[in-house]
Amino acid sequence: MKIGPDTTPTTAISGSNAETIIVRGHDLVQDLIGTVSFTDHVWLLVCGTLPSPEQRRVLDATLVAIAEHGLVPSVQAARMTLAAAPEALQGAVAAGLLGCGSVILGSAEAAGRFQSQVLDVAGGNDGDLDAAITGTVRAYRAEKRAIPGYGHPLHKDGDPRALRLFALAEEASLAGPHMEVARRAEHLLPDLVGKPLKMNVSAAIPAVLLDSGFPLLAVKGVPLLARTASLVAHLLEEQRHPIGFRMSHAASGAIRYDGPAPDGFVADEN
C-alpha cells in the first residue's frame with residue numbers, strides 16, 4: 001500500500017558520479033573543501049546558497065553560543081551511557097541528543113515559532129506588535145503552555161549569550177522583526193504573566209537566525225549541531241577522566257526510596 005504524496009523522488013542537496021561530487025551545485029572537491037568554512041557549508045546545505053559574510057557570522061555565533069553549558073541533563077545522559085557502553089561513542093552522542101527537547105535546546109525552535117506566530121498575527125492586525133504579542137501570550141497561557149525562550153534558572157537578570165547575539169546581529173545590520181518581537185515580548189511579559197522573565201539564548205538564537213534568512217524548519221538543527229560538538233568533547237574527557245559512574249552514584253545517594261517496603265526495611269543510602 002502506497003503511503004504519502006505522489007511526488008517525483010528527487011533531491012537537490014547532493015549528487016555524484018565516478019569523477020565528481022556535487023553539493024548544492026558546487027563541486028565538493030574543487031569549490032568547497034579547503035575553501036569554505038564548516039559554518040559556510042552548513043548554511044549551504046540547509047539554505048541552498050553560500051552565506052554572506054554577515055549571515056556566516058550570525059550562524060557561527062549561534063553555534064558557539066549554545067554548544068556548551070556545563071553538566072546539563074543531555075551531557076550527563078551521554079557520559080553515563082558511555083560509562084555503561086564504552087565501545088559505543090555514537091550511542092553516547094545519540095543518548096545526549098535524544099535528551100534535547102522542549103526544555104533543553106528544543107525550545108529554540110518553539111521560540112522561533114512563537115515569534116513567527118506573533119508576526120503573522122500582527123500582519124493581520126494593522127501591524128500592532130504589542131497587541132499581537134499580548135494575544136499570543138494569552139492564548140499560550142490559556143493552553144497552559146510556557147512562553148518559550150524566557151526565564152533561566154541561573155541567568156535571572158538576563159542571559160549574557162542572548163545580549164551578545166543581539167548585539168552581533170545589529171553590528172552585522174541583520175536586526176529585523178523577529179528580534180523586535182523578542183524584545184517587546186520581554187518588555188510585556190511582566191504584566192502578562194505576573195513576573196519578569198528575561199530573554200534567554202533560546203529566544204535569541206531563532207530571532208537572529210530568522211532575521212538573517214535561515215529557515216524556521218531548520219532552526220532546531222542549530223542547537224543540535226552545536227551540542228554534538230560539545231558532547232564529543234565531554235565523551236573524550238569521560239574516557240580520560242571518568243565521572244559517569246560518579247554521577248550515577250550521586251543520584252543514588254541524593255534520591256530516597258519512599259515506596260512500599262517490609263517492616264523494618266531501610267534503603268541503603270550508599
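This is a predicted model, so every value here is computed, not measured.
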hydrophobic_cluster_shared for [Y] and [X], side chain cutoff 4.5 Å:
X      : Y      : answer
Leu236 : Leu82  : no
Val219 : Leu45  : no
Val64  : Phe214 : no
Val222 : Val42  : yes
Leu63  : Leu163 : no

Do [X] and [Y] have side chains that get closer than 4.5 Å, going by heavy atoms?
X      : Y      : answer
Val137 : Leu188 : no
Pro206 : Phe114 : no
Leu209 : Ile205 : yes
Ser74  : Leu97  : no
His187 : Arg184 : yes
Leu174 : Arg57  : no
Thr62  : Leu59  : yes
Val75  : Leu231 : yes

Quiz item: Would you call Asp159-Lys198 a salt bridge at under 4.0 Å N-O?
Solution: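 Not counted as a salt bridge, because no side-chain N and carboxylate O are separated by less than 4.0 Å.
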
Distance in Å, [X] [atom1] paired with [Y] [atom2], rounded so as to fall on 0.5 Å steps:
X      : Y      : atom1 : atom2 : answer
Ile21  : Asp27  : CD1   : CG    : 8.5 Å
Arg227 : Leu225 : CZ    : CG    : 12.0 Å
Asp40  : Asp60  : CG    : CG    : 8.5 Å
Ile22  : Leu28  : CD1   : CG    : 8.5 Å
Arg138 : Ile133 : CZ    : CD1   : 12.5 Å
Glu238 : Arg79  : CD    : CZ    : 4.5 Å

Quiz prompt | Neighbour count above 12 (heavy atom, 6.0 Å) for Phe38 CZ | solution =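 Counting other residues, nucleotides and ligands, CZ of Phe38 stays at 12 neighbours or fewer.
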
Quiz prompt | CG (Asp157) with more than 12 external heavy atoms under 6.0 Å | solution =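 No, CG of Asp157 has 12 or fewer neighbouring heavy atoms, counting only those of other groups under 6.0 Å.
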
Report yes or no: does [X] contribute a side-chain atom to a donor-acceptor pair with the main-chain N or O of [Y] at less than 3.5 Å?
X      : Y      : value
Asp211 : His178 : yes
Ser230 : Ala67  : yes
Glu186 : Met199 : yes
Glu170 : Ala172 : no
Tyr257 : Val266 : no
Asp120 : Gln117 : no
Thr11  : Ile13  : yes
Gln115 : Met179 : no
Glu54  : Ser173 : no

Exercise. Show your working on side chain to side chain contact (heavy atoms under 4.5 Å, CB included) between Leu50 and Arg24 and close with a plain yes or no.
Key: CA-CA 9 Å; Leu50 285 166; Arg24 290 292 196 186; over 6 Å; no

Quiz prompt | Audit row: Phe166, Val208, side chain to side chain contact (heavy atoms under 4.5 Å, CB included) steps and yes/no | solution = CA-CA 7 Å; Phe166 269 43; Val208 300; 4.0 Å; yes

Exercise. From the options Leu192, Val118, Asp128, Leu129, select the one residue that forms a side chain to side chain contact (heavy atoms under 4.5 Å, CB included) with Thr134.
Key: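 Output: one option passes, namely Leu192.
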
Self-check item: For Ser202, side-chain hydrogen bond (donor to acceptor under 3.5 Å, both in side chains) partners two or more places apart
Solution: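 Checked Ser202 against side-chain hydrogen bond (donor to acceptor under 3.5 Å, both in side chains); matches are Ser107.
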
Quiz item: Got a sec, which residues hit side-chain hydrogen bond (donor to acceptor under 3.5 Å, both in side chains) with Arg246, two or more places apart in sequence or on another chain?
Solution: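 Partners of Arg246 by the side-chain hydrogen bond (donor to acceptor under 3.5 Å, both in side chains) criterion come out as none, since no residue qualifies.
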
Tell me the closest heavy-atom pair linking [X] and [Y], and the distance in Å.
X      : Y      : answer
Ala111 : Ala203 : CB-CA, 3.9 Å
Gln55  : Ser52  : OE1-N, 2.9 Å
Leu216 : Ser116 : CD2-OG, 3.9 Å
Ala122 : Ala132 : N-CB, 3.6 Å
Tyr150 : Ala185 : OH-CB, 3.3 Å
Pro190 : Pro196 : CG-CA, 3.9 Å

Sequence neighbours left out, what passes side chain to side chain contact (heavy atoms under 4.5 Å, CB included) with [X]? Give chain and number order.
X      : result
Pro223 : Ile66, Leu105, Ala108
Ser248 : Met80
Glu109 : Arg113, Lys220

Practice problem: Could you tell me which residues satisfy salt bridge (charged side-chain N to carboxylate O under 4.0 Å, His left out) with Arg164, sequence neighbours excluded, listed by chain and number? | Solution: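 By the salt bridge (charged side-chain N to carboxylate O under 4.0 Å, His left out) rule, Arg164 matches Glu171.
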
Quiz item: For His26 and Val36, what are the C-alpha separation, side-chain angles and deciding distance, and is it a side chain to side chain contact (heavy atoms under 4.5 Å, CB included)?
Solution: CA-CA 11 Å; His26 297 266; Val36 303; over 6 Å; no

Quiz item: Passes side chain to side chain contact (heavy atoms under 4.5 Å, CB included), His69 versus Val201? Steps please.
Solution: CA-CA 11 Å; His69 202 42; Val201 73; over 6 Å; no

